Protein chains: 2
Amino acid sequence: MSTDEPRSARRRLSRDRIVDAALTSIEEHGVDQMSMRSLGRDLGVEAMALYRYVSGREDLLEAVVANLLNGFVERVEAAETTSWQEYLQHVAHEIRHIALANPTAFPLVVSRHPAAPWLRPPLRDIEMVEHVLATLCARGFTDDQAVDTYKAFTSFLVGSLLLEVSIKTENIAAVEEPMNEGSADIPEQDSSDDADLAQAPHVLRMRDRLSQDHSEAEFETGLESLLNRIEHTVSH
Amino acid sequence: MSTDEPRSARRRLSRDRIVDAALTSIEEHGVDQMSMRSLGRDLGVEAMALYRYVSGREDLLEAVVANLLNGFVERVEAAETTSWQEYLQHVAHEIRHIALANPTAFPLVVSRHPAAPWLRPPLRDIEMVEHVLATLCARGFTDDQAVDTYKAFTSFLVGSLLLEVSIKTENIAAVEEPMNEGSADIPEQDSSDDADLAQAPHVLRMRDRLSQDHSEAEFETGLESLLNRIEHTVSH
DNA sequence: AGAGGCTGCTTACGCCATAAACAGGTGGCA
DNA sequence: TGCCACCTGTTTATGGCGTAAGCAGCCTCT
């Protein structure tokens, strides 16, 4: 009746279509704005229709994370590597690529509860964990060495990439209101930036340097240093 | 009339009291459960009363973060240090202490938008950033060296501590339904775990090692390695 | 043709953040 | 003492949210 939409937009729903739309919406408007209702709107469908394919919002976010990591193992295996150093380099770059391609959604990978709660560094995708551990063992690591390496590696990735994507996301959900700020109801520090900055001469002076983005180089040197450290540890 | 509460619980509201209650509630029930309404309930007050002291939920979370970092600079300065290595060690341990004392709230420090958007590694508290930069410069770092060091240091802290607190928080908001599961006879879960695990022999084998918590030692060696790297870089 | 299963829609509930108007008390000042 | 202005917290209302439950149309298979 009221199908004003072209046929292309009225396609059948599917879990993949929903997850894709969710990821798109998250990247465009931020995680908070991605509601079941708005997502339904995006897909030309009522919110409740989505519940046929996802069991709830949590499950959907779970699926978005899984989708991000999809094909990761395949891509890593595609480029066969000779040393474990080269292998870890490849894994790191692969994940960095994912993070940079989805800067808003990437923090979900870290912030959501892990699939296996007992897995201490709780990166979600067990398939990936397995691949890393298996490869390290195949390269002669003992179990202990593999686990320690996995933990240090994970920690490095999370730290570097979270900071890096937070650069790219800064204003994604910033609401700017028209400034009819005649009277501040609350003793406000709206000018907290400037006030603090007046107290922070070094920050002020290095402002340019601080805001320059050298993430790439920093990531590379950090990664190299980490690999060196692991190498040193492994060879006693 | 309906003030059943003892006087002590009916004390005047204040921004500090609200922020403290918020932090407590977050640590106890998770960030999601901390609503204006529940917080009002905790304080024996209607939700709207809070808006006299806090301009909204976002502002409140902002204040919680600020509160976490409160006194940080004072404590760092209290223990006067001689070398920049010792200084950064002290800063790192101070922040780790904060993180471990407030494992559920700590991710807010990283995940909320920074006060100064142009500040690339967006740790929120400008006072702290200033202190680190000033100290490094006072120890002979050039501006470039100070900035690079600050970024690498921040990245390390965020990565290590986020992973560490996520260990301690795993089940904080987990909804446990009363399963009448008396003994461990029944092996099945959501079955997704076991299904994945069946495909992951290495993970399975190292399960014990993976779930052991050696965060402390890992943090120390990682930090030491980072400081060595910085030292090496700084001295050409 | 008829039956049953997909699929998506409608309605409804209880939660949330928050805007706006309001009331009770308390202090200052005559 | 009387009065008024303010500070504090409450009441009421709006619009959004996630999601439980039931319903209606269509597709396919017999």
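First the proteins, then the strands, lettered A, B, ... as listed; each starts at 1. Fair warning: this is a prediction, and the values are worked out from it, not measured in the lab.
When rounded to the nearest whole Å, the span between CD1 of B:Ile18 and C1' of D:dT8 equals 12 Å. Rounded to whole Å, the distance from CG on A:Leu13 to P on D:dC26 is 18 Å. The distance between atom OH of A:Tyr53 and atom C1' of C:dC9, rounded to the nearest whole Å, is 13 Å. Straight-line distance from the CD atom of A:Glu46 to the P atom of C:dT10: 5 Å, rounded to whole Å. Between the P atom of D:dC17 and the CG atom of A:Leu60 lies a distance of 15 Å, rounded to the nearest Å.
A donor-acceptor pair under 3.5 Å links the side-chain atoms of B:Thr135 to the main chain of B:His131, judged by distance alone.
Residues satisfying the side-chain contact (heavy atoms from CB on, under 4.5 Å) test with B:Glu216, not counting sequence neighbours, are B:Arg96, B:Glu220.
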What side-chain donor-acceptor pairs closer than 3.5 Å can you find for residues 65-73 of chain B, not counting sequence neighbours?
none

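Closest approach of A:Leu133 to B:His202, counting heavy atoms only: CB-CB, 4.1 Å. Of all the heavy atoms in A:Phe219 and A:Ser160, the pair that sits closest is CD1-CB, 3.8 Å.
The nucleotide whose nearest atom lies closest to any side-chain atom of A:Arg52 is, among D:dT11, D:dC23, D:dG9, D:dC23.
In this structure, the side chains of B:Glu164 and B:Glu218 stay at 4.5 Å or more apart for every pair of heavy atoms.
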Which atom pairs link the protein and nucleotides 13-20 of chain C when you take only N or O atoms and keep those under 3.5 Å?
| from | atom 1 | to | atom 2 | distance (Å) |
| --- | --- | --- | --- | --- |
| C:dC16 | OP1 | B:Ser35 | OG | 3.2 |
| C:dA17 | OP1 | B:Met36 | N | 3.1 |
| C:dA17 | OP1 | B:Arg57 | NE | 3.3 |
| C:dA17 | OP2 | B:Met36 | N | 3.1 |
| C:dA17 | N7 | B:Arg37 | NH1 | 2.5 |
| C:dT18 | OP2 | B:Tyr51 | OH | 2.7 |
| C:dT18 | OP2 | B:Arg57 | N | 2.9 |
| C:dT18 | O5' | B:Tyr51 | OH | 3.4 |

